[in-house]
Amino acid sequence: MEANTRNTGRLPAAFLTPGSSSFLDFLSDHSPELLPGNRSLPPVRGAVEAPHGTTIVAATFAGGVVLAGDRRATMGNVIAQRDIEKVFPADEYSAVGIAGTAGLAVEMVKLFQLELEHFEKVEGTQLSLEGKANRLSTMIRGNLGMALQGLAVVPLFAGWDVDREKGRIFSYDVTGGRSEERGFAATGSGSVFARGALKKLYRAGLTEEQAVTLVVQALYDAADDDSATGGPDLARRIYPVVTVVSDEGFRRLTDAEASETARAIHERRLEEPDGPRASLL
Amino acid sequence: MSTPFYVSPQQAMADRAEYARKGIARGRSLVVLQYTDGIVFVGENPSRALHKFSEIYDRIAFAAAGKYNEYENLRIGGVRYADLRGYTYDREDVTARGLANVYAQTLGTIFSSAGEKPYEVELVVAEVGTVPEEDQIYRLPHDGSIVDEHGSVAVGGSAEQISSYLDQRHRDGMTLAEAVELAVQSLSRDTNGGERRLSADQLEVAVLDRTRPQKRKFKRIVGSRLARLLEGDSAPEPAAEEDGTGTAADADTEE
């Protein structure tokens with residue numbers, strides 16, 4: 001039997017083994033070298049120089065959730081890329097935005113998208129939103145070795161919960177710890193400033209349009225105070241990536257829509273550089 | 001100890017082929033037809049959960065007649081093959097031809113290996129192109145051969161009868177409603193020339209629709225949309241409605 005399965009071009013046994021609906025499980029069975037978690041870095045001194053993505057923000061609104069990210073990647077004090085994209089659809093009803101080492105982050109997203117799609121095709125049904133969030137948790141944990149060497153990947157996951165009919169946000173730490181956020185969340189180097197802005201401007205029952213404005217405001221504030229976060233680049237026409245997940249599924253705002261919001265905020269800030277003011281009491 | 005009988009290789013292969021063919025013939029037939037916007041899969045299947053048609057990859061779908069556990073195994077193998085290939089190279093590098101080859105090798109090896117029982121399955125692998133000329137349909141019988149089909153194909157119990165019926169009536173550029181109507185007619189004639197009426201809940205229908213905006217072109221047609229299609233409502237679906245009910249994802253969960 002064994003001789004038969006070799007060099008015939010037939011599907012190897014791992015392909016036909018029933019049981020698992022997970023692409024990651026299949027990879028670890030069949031080609032473990034493709035799994036990011038199985039790589040080990042040689043010991044290095046100091047930080048590895050690689051482009052890092054920065055700020056991601058999210059906020060829920062009445063009919064869903066908005067997830068947005070700035071467009072800058074930095075490497076030390078150099079701007080490595082001005083138009084990087086850090087927010088992606090995870091599947092039809094969720095989105096993921098990633099701060100941290102850009103190369104690893106993009107690979108993780110690709111694998112995460114595939115994991116969800118694979119499950120959906122094999123099982124004929126989608127994972128629950130919690131299930132998706134847990135899978136992502138496992139993947140981040142797999143990257144812990146790298147994270148300890150300075151190559152951390154810290155995502156923000158947002159999606160429409162089909163069963164509970166509401167938008168939800170999950171944040172993570174480098175060890176894969178997962179927590180659900182109420183209302184809004186931010187991750188990455190500019191997140192401290194973004195969270196401050198979100199905290200002051202967020203309120204329950206926002207409309208989709210207001211939520212979009214809110215997250216772009218927060219990114220503007222992050223860019224204002226954090227050198228690693230890029231603001232809207234009006235000269236080059238590079239605007240934040242803004243995505244919306246609702247019961248109609250995932251949608252990325254077009255460049256025209258994103259530019260309209262970013263320009264409106266920019267216009268207002270020419271008069272009031274610190275942005276809208278919340279009341280004192 | 002009994003003395004082993006000598007069985008000629010021809011006889012052994014003929015026996016195995018007959019065994020497989022009988023197994024496949026016990027299952028119900030299904031048909032795959034090209035229409036102007038893609039490829040439609042129609043089969044008689046009272047089950048809402050155990051599918052005969054499935055998505056393999058963006059533009060590729062799978063149909064199978066025969067023994068469920070065997071084709072389900074091959075289907076999952078195909079999904080794994082496609083996802084791994086797309087991950088290693090690029091999504092564009094996953095092709096129906098490559099998948100059909102792997103299936104053919106797998107079926108062929110199993111068929112001719114004396115230690116294994118031949119699979120009682122017949123598969124169809126289809127890929128929708130950007131224009132009808134680029135559509136590909138491959139039929140894979142139980143023995144590992146590949147047949148490159150055009151226009152229409154039937155597999156399962158009375159495949160020959162249905163194929164010849166379809167060959168005479170299928171033409172290029174049919175609408176979805178016309179193609180489904182033809183498919184249902186061909187399946188209704190299934191039993192010894194007698195006519196039956198197949199209703200929406202006895203049918204499984206899916207399409208690879210090249211006009212879908214998403215990269216995943218596979219979509220199941222279920223519920224009221226299928227009923228309307230069967231009533232010969234040839235008016236094109238309003239795009240908004242299609243988007244509303246419309247992803248491969250939620251079409252799957254609708255059942």
Side-chain angles (χ1 to χ4, degrees), chain A residues 1-27 29-31 33-36 89-94 107 110-128 132 160 162-163 246-251, chain B residues 48-51 54-58 60-62 69-70 72-84 86-88 91 98-99 101-116 119 144 214-216 218 220 240 243-255:
Chain A
M1 293 302 294
E2 193 53 37
N4 254 328
T5 59
R6 298 230 173 110
N7 305 324
T8 56
R10 98 181 241 188
L11 285 171
F15 285 77
L16 299 175
T17 311
S20 175
S21 311
S22 162
F23 185 70
L24 291 177
D25 287 0
F26 166 67
L27 268 192
D29 231 31
H30 179 68
S31 10
E33 74 283 358
L34 290 177
L35 275 182
D91 66 356
E92 195 55 38
Y93 286 105
S94 59
E107 183 190 34
K110 209 174 147 193
L111 209 49
F112 182 55
Q113 289 169 331
L114 199 50
E115 173 77 356
L116 301 186
E117 184 189 326
H118 189 79
F119 183 94
E120 194 184 312
K121 286 193 286 198
V122 171
E123 296 279 322
T125 169
Q126 286 207 344
L127 275 169
S128 65
K132 294 175 198 171
W160 175 254
V162 182
D163 301 320
S246 65
D247 63 345
E248 285 172 14
F250 173 92
R251 184 173 83 89
Chain B
R48 297 289 105 193
L50 309 176
H51 299 302
S54 305
E55 174 186 18
I56 295 282
Y57 212 63
D58 296 353
I60 305 173
F62 167 100
N69 69 324
E70 291 175 350
E72 176 69 4
N73 214 343
L74 288 169
R75 179 184 78 88
I76 292 173
V79 171
R80 287 173 177 161
Y81 164 86
D83 279 350
L84 179 60
Y87 181 65
T88 324
R91 294 193 82 91
L99 181 67
N101 261 320
V102 170
Y103 276 145
Q105 293 296 344
T106 307
L107 285 171
T109 315
I110 293 171
F111 180 73
S112 50
S113 130
E116 285 176 272
Y119 271 18
Q214 292 94 332
K215 64 182 194 301
R216 291 163 69 181
F218 182 82
R220 294 187 191 286
D243 286 346
T245 51
T247 63
D250 65 8
D252 271 354
T253 50
E254 254 170 40
E255 292 123 38

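Keep in mind it's a predicted model, so treat the numbers as computed, not measured. Letters A, B, ... are given to chains in the order of the sequence lines, protein chains preceding strands, and every chain is numbered from 1.
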Can you list the steps and then say if A/Phe15 with B/Leu84 is a side chain to side chain contact (heavy atoms under 4.5 Å, CB included)? CA-CA 10 Å; A/Phe15 285 77; B/Leu84 179 60; 3.9 Å; yes

Residue A/Ser31 versus chain B: region with a heavy atom under 4.5 Å: side chain

Write down the atom of B/Tyr87, the atom of A/Lys110, and the distance for their closest heavy-atom approach. O-NZ, 3.5 Å

Heavy-atom pairs under 4.5 Å with chain A - which of B/Ser112, B/Gly78, B/Gly108, B/Gly77 has more of them than the others? B/Gly77

Would you mind checking if A/Glu120 and B/Arg216 are paired as a salt bridge, meaning a charged N to carboxylate O distance below 4.0 Å? yes

All heavy atoms of A/His118 vs all of B/Asp83, minimum pair found to be ND1-OD2, 2.6 Å

If you look at every heavy atom in B/Arg80 and A/Leu16, which pair is closest and at what distance? NH1-N, 4.2 Å

What are the two closest heavy atoms between A/Val122 and B/Glu72, and how far apart are they? O-OE2, 4.5 Å

Once rounded to the nearest 0.5 Å, what's the spacing between atom CG of B/Asn73 and atom CG of A/Leu11? 9.5 Å

Of the listed residues (B/Val79, B/Asn69, B/Thr88), which shares the most heavy-atom pairs with chain A below a 4.5 Å separation? B/Val79

Identify the heavy atoms of A/Lys121 and B/Ile56 that sit nearest to each other, and give their distance. NZ-O, 2.8 Å

